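Computed from a predicted structure; not experimentally measured.
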Amino acid sequence: MAFKDLRDYIEFMKKRNKLIEVDEEVSVDLEITEITRKATYAHLPPLLFKRIKNYENWKIISNIFYSIESFYEIFGTNKLESISEGFLSNLSNMPITFFDKIKSLREILGLGKVMPKAKTPSFKEEKNLDLAKIPAIKTWPKDAGRYLTFSITITKDPETDVHNLSVYRIQILNEKEAIIHWQAFKRGALTAKRYLEKGTTKIPIAIVTGVDPAIAFTAASPVPHGIDKYMFAGILRGEGVDVTELDDKLLVPSHSEVVLTGYVDLNVMRLEGPFGDHMGYYTPADYYPVFKLEKVYIREDPIFHVTSVGKPPLEDAWIGKAVERIFLPFAKMLVPELVDMNLPEYGLFTGIGIFSIKKYYPGQAKRVMMALWGTGQLSLLKTIIIVDQDIDVHDINQVIYAIAANVDPKRDVWVIENALTDSLDPSVPFPPLGSKLGIDATRKFKEEMGKEWPEEVRSDEGVAKKADEIINKIIKRYQTS
């Protein structure tokens, strides 16, 4: 199932009685985000604000990713791993030679179906609109100003033409300028370096707001650099994204509610922030490049997509859980011994990752840590915990037991200094470099421990069977008494 656009999704949710329409007049200054946070904490479905103070004819939608169930609705399955498993299963049919790979790539991987498709846009150019007239929101009282919080920044690699769609916070400065907060490791910043290597300091970009939620999720996902995000969105949707080519040769979703086009001038850096982010703290002000607006395109009666951040679990936590499930098959392909992973909602996505493995040899847990810390967004994880395959990584008590029973701190705790970390982490003194913690909570081989691992207690099967029969009778008598 794929939604044509944001409006198609809204109608779908209305029919399921899972859209909350807010008729009260609300302000973009703190009120919308405060209501949104409380709605997410209360596990309420998406909110559609219909009366925005000082922004007549605009609507705002928030809380689209209100829980893990929201992704079951968007993708039409409660087994999110199956989306990527189905795609990766086709890789086993890949021809061996490079020539054959190129010749049959589209047919074998089914890329013809998931590649973007040119369509007539639903939006039109609006010459009387600028950044000051768009309902960007203020999230926390001490934020530096109003921000675009779930708008998608689109760039194109100058050599490969691979398109990148990413979600960065964007601070509105005035009618024609905004600051884009892309961190050093993010795809936007890496694309900027490609332009600089070619001697170009002005990067054409488009900023779009209000798209099919599957596209929005793709933009927020850690798709590896070099893979076109339109193609990846097509894989998730099961069909290609409708796109329109703009004057600057950038492709944008044809049914976007708002499209802002212009360029980022890498010679113009402004102080962005502070901003209250998903860590629950204000990010200190820092310098980032400035976006210069040239054109605005808009749909009639536009619907603006925003999110609210703060202490978990908010929308970003549920996006992280969906990433965990959808990207698990990809992670298993890179780390074959991997069984399961858990990026806990309160672990702030890049704070803590728990992984179970099939352990075959000594030192394997540390090897897996190194592999994970060298893989895409997982490289930002501050803490990695490795457990055996019989430990349910989603049961925190089982994980705590494994740490308590299997870890000798001197031998099994690994601290790495001066490693790449999340620049938003308030505990990091010199971002983006910080330290990492690895905990090997697996049972140890003799080579790792110096002696055989003690035998685990197990019940006698015959006694256990008799005990089960007796205890079941006791439970029935107790429940009926």
TODO: Using modelled atom types only, decide if a donor and an acceptor are shared between the side chain of H163 and the backbone of K229 within a distance under 3.5 Å.
DONE: no
TODO: Using distance alone, with no hydrogens and no angle criterion, decide if T33 and S308 have a side-chain donor and acceptor under 3.5 Å apart.
DONE: no
Open item on the list: Assess whether a salt bridge exists between D23 and K50, defined as any Lys/Arg side-chain N lying under 4.0 Å from an Asp/Glu carboxylate O.
Closed with: yes
Open item on the list: For H181 together with Y168, are the ring centres under 6.0 Å from each other?
Closed with: no
- [ ] Taking R169 for its side chain and I180 for its backbone only, find out whether a donor-acceptor pair lies under 3.5 Å.
- [x] no
Open item on the list: With a 6.0 Å cut-off on the ring centroids, do Y282 and F275 count as close?
Closed with: no
- [ ] Please confirm whether the backbone N or O of V223 pairs with a side-chain atom of S221, one donor and one acceptor, at under 3.5 Å?
- [x] no
TODO: Indicate yes or no: does D161 engage K249 in a salt bridge with an N to O separation below 4.0 Å.
DONE: no
Task: Cation-pi check, R37 onto W140 ring (under 6.0 Å, within 45° of axis) - done: yes
- [ ] Indicate yes or no: at least one non-hydrogen side-chain atom of T153 is less than 4.5 angstrom from one of F291.
- [x] no
Open item on the list: Between T77 (side chain only) and K79 (backbone N and O only), is there a donor and an acceptor less than 3.5 Å apart?
Closed with: yes
Task: Greater than 12 external heavy atoms within 6.0 Å of Y281's OH - done: no
Open item on the list: Is it the case that the side chain of D395 and the backbone of D392 share a donor-acceptor pair, with hydrogens and angles ignored and the cut-off at 3.5 Å?
Closed with: no
Task: Residue pairs, two or more places apart or on separate chains, that pass salt bridge (charged side-chain N to carboxylate O under 4.0 Å, His left out) and touch residues 371-382 - done: K382-D425
Task: Cationic N near anionic O, under 4.0 Å, K53 to D29 - done: no
Task: Y287 atom OH, neighbour heavy-atom count above 12 within 6.0 Å - done: no
- [ ] Scan residues 322-340 for pairs that pass salt bridge (charged side-chain N to carboxylate O under 4.0 Å, His left out), counting only residues two or more places apart or in two chains.
- [x] E81-R325, K321-E324, R325-D340, E337-R367
- [ ] Answer yes or no: is there a donor N or O on one side and an acceptor on the other, between the side chain of T149 and the main chain of T307, under 3.5 Å?
- [x] yes
Open item on the list: How about CD on E159, more than 12 heavy atoms from neighbouring residues, nucleotides or ligands closer than 6.0 Å, or not?
Closed with: yes
Task: Donor-acceptor pair between T36 and N63 side chains, under 3.5 angstrom - done: no
Task: N174 side chain to E177 backbone, donor-acceptor under 3.5 Å - done: yes
- [ ] Scan side-chain atoms only and decide if Q171 and Y147 contain a donor-acceptor pair under the 3.5 Å cut-off.
- [x] yes
Task: R146 (side chain) donor-acceptor with A136 (main chain) under 3.5 angstrom - done: yes
Task: Side chains of S254 and D242, donor plus acceptor under 3.5 Å - done: no
- [ ] Ignoring hydrogens and angles, tell me if any N or O in the side chain of N342 forms a donor-acceptor pair with the backbone of V393 under 3.5 Å.
- [x] yes
Open item on the list: Check this for me, if you would: do E294 and K176 make a salt bridge, where the nitrogen-to-carboxylate-oxygen distance has to be below 4.0 angstrom?
Closed with: no
Open item on the list: Check R237 with D212, please: is the shortest side-chain N to carboxylate O separation under 4.0 Å?
Closed with: yes
- [ ] Would you check, one step at a time, whether the test ring pair (Phe, Tyr, Trp, His ring centres under 6.0 Å) holds for F65 with Y9?
- [x] CA-CA 12 Å; F65 305 113; Y9 165 77; 8.1 Å; no
TODO: Compute whether any side-chain donor of one residue and acceptor of the other, for E73 and Y66, lie under 3.5 angstrom apart.
DONE: yes
TODO: Examine distances only and state if a side-chain atom of T200 and a backbone atom of K202 form a donor-acceptor pair shorter than 3.5 Å.
DONE: no
- [ ] Look at K15 together with E11 and state whether they make a salt bridge at an N to O cut-off of under 4.0 Å.
- [x] no
Open item on the list: What I want to find out is whether E125 reaches K127 closely enough, with some N-O distance under 4.0 Å, to be called a salt bridge.
Closed with: yes
